[in-house]
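One structure below.
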Protein chains: 2
Amino acid sequence: MGRDAQATRDRLIMAARKAFSARGFERTTVREIASDAGVSPALINRYFGGKEQLFAEAASIDLGFPDLTQVARDQLGVTLVAHFFHRWEGRQHDDLLRVLIRTAATNQEAAARIQNILAGQVGAMVERVAGPARARERACLIATQILGLAYARYVLGISDEDVPQRTVLAMVGGTIQRYLIDELP
Amino acid sequence: MGRDAQATRDRLIMAARKAFSARGFERTTVREIASDAGVSPALINRYFGGKEQLFAEAASIDLGFPDLTQVARDQLGVTLVAHFFHRWEGRQHDDLLRVLIRTAATNQEAAARIQNILAGQVGAMVERVAGPARARERACLIATQILGLAYARYVLGISDEDVPQRTVLAMVGGTIQRYLIDELP
DNA sequence: AGTCTAAGTAAACAATTGTTTACAAGACTG
DNA sequence: CAGTCTTGTAAACAATTGTTTACTTAGACT
């Protein structure tokens with residue numbers, strides 16, 4: 001083999017993730033990604049086929065839900081919100097959801113991808129915790145609150161000064177709790 | 001005067017609103033807006049100064065909260081959610097919030113504008129209903145839920161088939177109710 | 001009517017975009 | 001060491017973007 005194709009491929013994906021997360025799909029240029037990866041823009045086409053496909057590869061996501069079977073039933077909501085906070089603001093802060101939220105705003109494919117995540121990962125989590133009955137509806141309700149929280153904090157830039165994290169944790173936790181196991185009308 | 005400057009100005013704003021709402025700021029071209037208004041792209045620069053300023057003018061918004069003083073105190077949440085549904089899906093369906101949500105995803109100025117609306121209109125409404133204490137926090141919490149709902153339905157395209165509107169009304173209404181007047185931790 | 005000013009256009013401009021092509025440099029194999 | 005893929009680049013390409021300039025046209029006012 002040559003120098004190290006896999007390594008530069010990875011560097012391209014990293015750089016793409018960073019750029020897409022900061023500026024969304026349309027405002028990110030392949031030149032900028034390539035430059036950040038220390039490589040020629042042509043390699044994006046060689047390795048991925050184009051900007052679209054690079055995005056598709058850079059924006060695969062795993063919400064990584066924790067094991068909820070050991071959690072007290074009335075603590076499910078706050079546990080989930082705490083989980084998201086931890087992922088979003090943790091040490092290797094997870095830009096992926098931000099990439100998707102930013103980009104789905106104007107990109108059909110990204111929107112479909114979020115829908116998949118909802119139907120798949122969130123739906124499965126709801127089923128495990130609350131049973132299969134109306135799991136899809138619960139998953140959608142949860143999505144509206146979690147996406148809104150992410151949008152407000154990481155796209156609009158609403159900060160701890162506006163609402164302290166403790167308050168969000170308790171109040172939004174309560175909301176998720178209701179959407180998760182309260183009886184639906 | 002000439003033909004009718006005001007009328008074409010208005011047509012440009014209408015066309016801009018439609019285009020920005022459908023595709024966001026970056027993916028909308030001035031040529032497309034001008035063409036939809038049946039006019040030359042140069043007029044956008046003449047009348048507004050450029051694409052940015054046209055956007056600024058096209059995206060001014062008034063949430064138009066109803067008078068809540070006559071509403072039963074335990075019905076405030078559902079009333080507000082019903083109000084938003086009515087605005088968003090009413091006869092002259094109000095694209096403005098969609099414009100902002102779509103565009104704020106990648107546009108600093110649009111994000112700031114949403115922040116202003118929160119601090120201003122939503123904040124004032126909260127103060128009227130729940131008093132000035134911690135009104136800002138309540139407004140932000142409400143924003144996370146309402147923005148998330150709008151994002152899910154009008155950007156991602158989650159529909160009545162996924163969650164019937166009755167369910168959303170009741171459950172999200174309950175959430176807003178809590179954020180509005182429940183005691184904060 | 002004739003004239004002046006505002007309204008509008010067509011076309012060129014300059015910059016930036018994603019992508020392709022033709023070519024150079026590395027590393028492994030015989 | 002020669003040959004040969006793979007890895008990489010530089011530069012040109014083609015399209016599209018927002019904007020500007022020079023010009024034409026329509027309407028109002030004396």
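Protein chains get the first letters and strands the later ones, always in sequence-line order, with residue 1 at the start of each.
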Evaluate salt bridge (charged side-chain N to carboxylate O under 4.0 Å, His left out) for A:Asp160 paired with A:Arg166, printing each intermediate quantity in order. CA-CA 9 Å; A:Asp160 281 342; A:Arg166 305 182 25 253; over 6 Å; no
Under the side chain to side chain contact (heavy atoms under 4.5 Å, CB included) test against B:Ile142, which residue among B:Leu118, B:Leu147, B:Val126, B:Leu80 passes? B:Val126
Specify the separation, in whole Å, of atom CZ of A:Phe48 and atom P of C:dG18. 15 Å
Atom-pair distance (CZ on A:Phe55; P on C:dG18), nearest Å: 14 Å
Those stems involving DNA chain C that have three or more consecutive Watson-Crick or G-U pairs, both distances under 3.5 Å, are C:1-13 with D:18-30, C:18-30 with D:1-13
Does some side-chain heavy atom of B:Tyr154 sit less than 4.5 Å from a side-chain heavy atom of B:Leu97? no
Residue whose nearest DNA chain C nucleotide is more 5′ - B:Tyr47 or A:Gly49: B:Tyr47
B:Glu26 CD to C:dT17 C1': how many Å, rounded? 14 Å
Integer-rounded Å distance: C:dG18 P and A:Leu54 CG: 11 Å
Closest to the B:Val39 side chain, choosing from C:dT19, D:dT9, C:dT9: C:dT9
Phosphate OP1/OP2 of C:dG8 contacted by B:Thr8 side-chain N/O (<4.0 Å): yes
Using salt bridge (charged side-chain N to carboxylate O under 4.0 Å, His left out), reason through A:Glu26 and B:Arg23 one step at a time and then give a plain yes or no. CA-CA 11 Å; A:Glu26 343 282 344; B:Arg23 278 172 297 283; over 6 Å; no
What's the closest nucleotide to the side chain of A:Ala5 if the choices are D:dG18, D:dT7, C:dT19? D:dT7
Whole angstrom value for the distance that separates C1' of C:dT9 from CD1 of B:Ile44: 14 Å
Let me know the distance between CZ of A:Arg23 and C1' of C:dT17, rounded to the nearest Å. 15 Å
By nearest nucleotide on DNA chain D, pick out whichever of A:Gly38 and B:Ala42 is the more 5' one. A:Gly38
Verify the cluster assignment for B:Val78 and A:Leu141: are they in a single hydrophobic cluster under the rule of side-chain heavy atoms below 4.5 Å apart? no
Could you walk me through whether B:Thr106 and B:Phe25 satisfy the side chain to side chain contact (heavy atoms under 4.5 Å, CB included) test, starting with their C-alpha distance in whole Å, then the side-chain angles of each, then the deciding distance to 0.1 Å, before giving a yes or no? CA-CA 8 Å; B:Thr106 52; B:Phe25 184 79; 5.8 Å; no
Backbone of B:Ala56 reached by a side-chain donor or acceptor of B:Arg113 within 3.5 Å: yes
Identify which nucleotide among C:dT17, C:dA10, D:dT19 has an atom closest to any side-chain atom of B:Ser40, counting heavy atoms from C-beta outward. C:dA10
What is the distance from NZ of A:Lys51 to C1' of D:dT16, rounded to the nearest Å? 13 Å
Taking atom P of C:dT9 as reference, at what distance in whole Å does atom CZ of B:Arg46 sit? 10 Å
Nearest to the side chain of A:Leu43 - D:dG8, C:dG18, D:dT20? D:dG8
In terms of side-chain heavy atoms of A:Asn45, which of C:dG8, C:dT20, D:dT19 is nearest? C:dT20
Nearest to the B:Arg31 side chain among C:dT9, D:dA10, D:dT19, which nucleotide is it? D:dT19
